[in-house]
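Every chain is numbered from 1 and lettered A, B, ... according to where its sequence line falls, protein lines coming before strand lines.
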There are 2 protein chains.
Amino acid sequence: MTEKALQQLKTAETEKISHLDYFNIGITVDCVILGYEEKELKVQLIKSDMQEYSGLYSLPGDFIRPDEDLEAASYRVLKEKTGLDDVYLEQVRTFGNIFRHPSGRVITVAYYSLIDIKNHKLQTDLNELHWHPVNEIKKLAFDHKLILDTCLHRLRQQVMEHPVIFNLLPEKFSLRELQELYEAILGVELDRRNFRKKISIKDWLLDIDEMEHNVPHRPGKLYMLKKQFRNKSVKTGAVLQFA
Amino acid sequence: MTEKALQQLKTAETEKISHLDYFNIGITVDCVILGYEEKELKVQLIKSDMQEYSGLYSLPGDFIRPDEDLEAASYRVLKEKTGLDDVYLEQVRTFGNIFRHPSGRVITVAYYSLIDIKNHKLQTDLNELHWHPVNEIKKLAFDHKLILDTCLHRLRQQVMEHPVIFNLLPEKFSLRELQELYEAILGVELDRRNFRKKISIKDWLLDIDEMEHNVPHRPGKLYMLKKQFRNKSVKTGAVLQFA
DNA sequence: AATAAATATGTACTTATTACACATTAATTT
DNA sequence: AAATTAATGTGTAATAAGTACATATTTATT
């Protein structure tokens with residue numbers, strides 16, 4: 001923003017556009033909270049109780065407080081809705097069409113978060129949020145279907161380049177579980193041998209010399225993500241990548 | 001955003017957080033306007049006239065008007081600053097740290113734009129913006145260095161996957177010019193033969209059977225980008241890519 | 001006419017991707 | 001206890017993509 005714009009603002013009360021008008025835009029964060037269960041990618045949704053969208057679900061979100069960073073606002077929403085605070089979270093895009101919200105001008109910054117549904121700290125009873133398989137979602141309140149699709153698109157990009165997918169799995173997992181998760185996110189079938197070769201080349205995994213338990217077939221080996229690849233955000237330091 | 005948040009807002013005047021507080025956040029767009037000239041990537045900057053940042057340059061930007069879409073706001077800034085309106089423009093990220101702006105709480109949505117410096121419609125005399133080679137920029141006002149770096153990082157990603165780079169070139173260009181542009185953006189040297197092979201495989205270019213003029217060496221052939229690859233935004237339809 | 005500087009082009013080598021089959025192990029069934 | 005089932009675990013050949021590298025050609029300049 002230029003000084004010119006600020007001057008405009010400071011003297012705005014004497015002009016047509018009033019000072020207040022510039023601040024008459026609400027700004028929120030919306031969170032696409034993703035989990036993985038029963039070979040499906042799922043998202044937390046709440047039933048919209050706005051008349052305009054009765055019967056439709058919407059994404060959890062809230063206004064950004066004037067004394068709160070963007071990331072702090074989305075972490076707060078996450079903590080309120082899931083009880084979790086040490087989670088992967090990434091900004092995706094800001095949505096600001098004039099008529100996107102029936103109650104007035106509201107611009108929203110969309111984040112997506114990846115959590116382990118089996119995390120024992122996860123509390124789903126804090127509110128009226130429930131898991132919904134993303135593939136079954138046809139329509140959402142507001143522009144939330146667009147927001148969801150944009151986040152899923154970004155997730156698919158990230159997954160091909162960075163080890164972010166592990167945030168959706170328990171600490172220990174088998175190669176089969178990992179492959180099924182890739183397949184669920186990318187919507188493709190992968191060849192087991194080629195998949196294992198590719199993962200092996202990445203050198204992300206630690207063989208912890210344990211086996212699966214309670215599976216109705218021959219148990220597979222368990223692995224963990226090496227510590228140096230654990231990420232709570234891809235963006236951390238990312239702008240320095242080419243510096 | 002949930003209905004609960006709206007309820008909170010509607011009844012806010014009876015509570016500690018006043019209704020006005022929620023709207024007491026300014027929201028702007030900032031534009032990283034990029035061009036290419038003399039084998040260098042350049043960005044349009046204006047000298048900051050804020051006391052806090054005297055002597056430093058900053059990115060062009062402005063407040064979003066209450067009746068204006070996000071994209072409309074950034075197109076408006078672009079049109080005001082360059083006279084151009086048919087340009088490549090893409091949202092990159094929203095920056096909202098509490099103290100990023102000395103005059104108050106201002107959240108900004110960053111866009112980057114790619115323009116052809118030799119476009120005859122370009123008017124650089126509309127304002128006090130000037131081109132600065134991005135590699136020589138060490139410090140900017142506000143958090144604008146971070147915004148610039150984030151946009152450049154995104155540009156480098158896009159360039160590897162999509163034919164966006166052509167927005168920085170005149171309609172007709174030689175393979176040498178194209179290669180030098182890739183080298184400037186990616187900060188690497190490329191092998192001429194391998195580069196040409198890769199470009200040829202992409203099948204982006206139309207051989208228009210013309211040669212360079214006024215070059216102090218053997219002229220090369222000129223090419224154009226095929227029409228179907230002309231993009232004013234990578235995001236157009238992108239969310240449907242995996243649908 | 002000679003020189004300089006850039007264009008234009010192809011091949012061998014290495015690395016990555018894809019397609020594909022069989023022996024092994026543990027749980028389950030008979 | 002033996003047979004069956006269902007998944008794990010592994011390797012190789014074929015193809016495609018990426019990398020390294022040199023020479024003849026064309027135009028402008030000297």
Side-chain angles (χ1 to χ4, degrees), chain A residues 36-40 156-157 159-163 165 169-170 172-225 242, chain B residues 36-40 156-157 159-163 165 169-170 172-225 242:
Chain A
Y36 173 68
E37 198 179 34
E38 290 163 355
K39 304 191 188 180
E40 281 185 312
R156 289 181 187 115
Q157 285 185 327
V159 144
M160 298 301 288
E161 298 178 354
H162 303 284
I165 208 170
L169 289 174
K172 301 171 181 183
F173 50 85
S174 69
L175 292 175
R176 173 183 38 80
E177 290 175 297
L178 184 61
Q179 179 177 343
E180 285 169 353
L181 176 50
Y182 271 100
E183 290 174 332
I185 290 177
L186 299 174
V188 294
E189 294 219 331
L190 302 172
D191 177 86
R192 187 154 39 99
R193 285 158 293 185
N194 294 341
F195 173 77
R196 284 166 186 237
K197 198 194 300 174
K198 219 177 214 173
I199 289 292
S200 151
I201 286 166
K202 295 281 186 191
D203 202 30
W204 287 338
L205 300 187
L206 202 61
D207 181 341
I208 54 171
D209 200 31
E210 286 184 53
M211 305 297 276
E212 282 182 298
H213 290 291
N214 308 319
V215 283
H217 52 75
R218 173 180 172 185
K221 289 175 91 169
L222 291 177
Y223 295 83
M224 284 174 63
L225 179 66
F242 289 86
Chain B
Y36 173 68
E37 198 179 35
E38 290 163 353
K39 305 191 187 180
E40 281 185 312
R156 289 182 188 114
Q157 285 185 326
V159 144
M160 298 301 288
E161 298 178 353
H162 304 283
I165 208 170
L169 289 174
K172 302 171 180 182
F173 50 85
S174 69
L175 291 176
R176 174 183 38 79
E177 289 175 297
L178 184 61
Q179 179 177 342
E180 284 169 354
L181 176 49
Y182 271 99
E183 290 174 332
I185 290 177
L186 298 174
V188 295
E189 295 219 331
L190 302 172
D191 177 86
R192 186 152 39 96
R193 286 157 294 184
N194 294 340
F195 173 78
R196 284 166 187 237
K197 197 195 300 176
K198 220 177 213 172
I199 289 291
S200 152
I201 286 167
K202 295 282 187 190
D203 202 31
W204 287 338
L205 300 187
L206 202 62
D207 181 341
I208 54 171
D209 200 32
E210 285 184 55
M211 304 299 275
E212 284 183 296
H213 290 291
N214 306 319
V215 283
H217 52 75
R218 172 181 172 185
K221 289 175 92 168
L222 291 178
Y223 295 84
M224 283 174 64
L225 180 66
F242 289 87

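A straight line from CD of A:Glu177 to P of D:dA7 spans 14 Å, rounded to a whole angstrom. Atom NE2 of A:His213 is separated from atom C1' of C:dA27 by 14 Å (rounded to the nearest Å). Rounded to whole angstrom, the span from the CZ atom of B:Phe195 across to the P atom of D:dA17 amounts to 18 Å. Going from atom CD of A:Glu212 over to atom C1' of D:dG9 covers 13 Å, rounded to whole Å. Distance A:Lys198 NZ to C:dT15 P: 18 Å, rounded to the nearest Å. In this entry the distance linking CG of B:Asp191 with P of C:dC13 reads 17 Å, nearest Å. Going from atom CG of B:Asp209 over to atom P of C:dA8 covers 12 Å, rounded to whole Å. Separating the CD atom of A:Glu189 from the P atom of C:dC20 is a distance of 14 Å, rounded to the nearest angstrom.
Atom CE of A:Met211 has more than 12 neighbouring heavy atoms from other residues, nucleotides or ligands inside a 6.0 Å radius.
Using a 4.0 Å heavy-atom distance criterion, A:Arg176 is classed as a sugar-phosphate-only contact.
Counting heavy atoms from C-beta outward, A:Met160 and A:Arg156 have side chains that stay 4.5 Å or more apart. Side-chain contact between A:Ile201 and A:Asp203: absent, with no pair of heavy atoms (C-beta onward) separated by less than 4.5 Å. Side-chain contact between B:Leu169 and B:Leu178 is present, with heavy atoms from C-beta onward closer than 4.5 Å.
With distances taken from any side-chain atom of A:Lys197 to the nucleotides C:dG10, D:dA7, C:dT17, the minimum falls on C:dT17. Distances from the side chain of B:Arg196 to the nucleotides D:dT19, C:dA8, C:dT17 place C:dA8 closest. Among the nucleotides C:dT7, D:dG11, D:dA20, the one closest to any side-chain atom of A:Asn194 is D:dG11.
Each of A:Asp207, A:Ile199, A:Leu206 was checked for a side chain to side chain contact (heavy atoms under 4.5 Å, CB included) with A:Tyr223, and the lone residue meeting it is A:Asp207.
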Interface polar pairs with nucleotides 27-30 of chain D, N/O, under 3.5 angstrom:
none

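In summary, the side chains of B:Glu161 and B:Gln157 do not present any donor paired with an acceptor at a separation below 3.5 Å, with no hydrogens or angles considered.
A salt bridge between A:Arg176 and A:Glu212 is present, with a side-chain N of the basic residue lying under 4.0 Å from a carboxylate O of the acidic one.
With hydrogens and angles left out, the side chain of B:Arg193 and the base of D:dA22 share a donor-acceptor pair within 3.5 Å.
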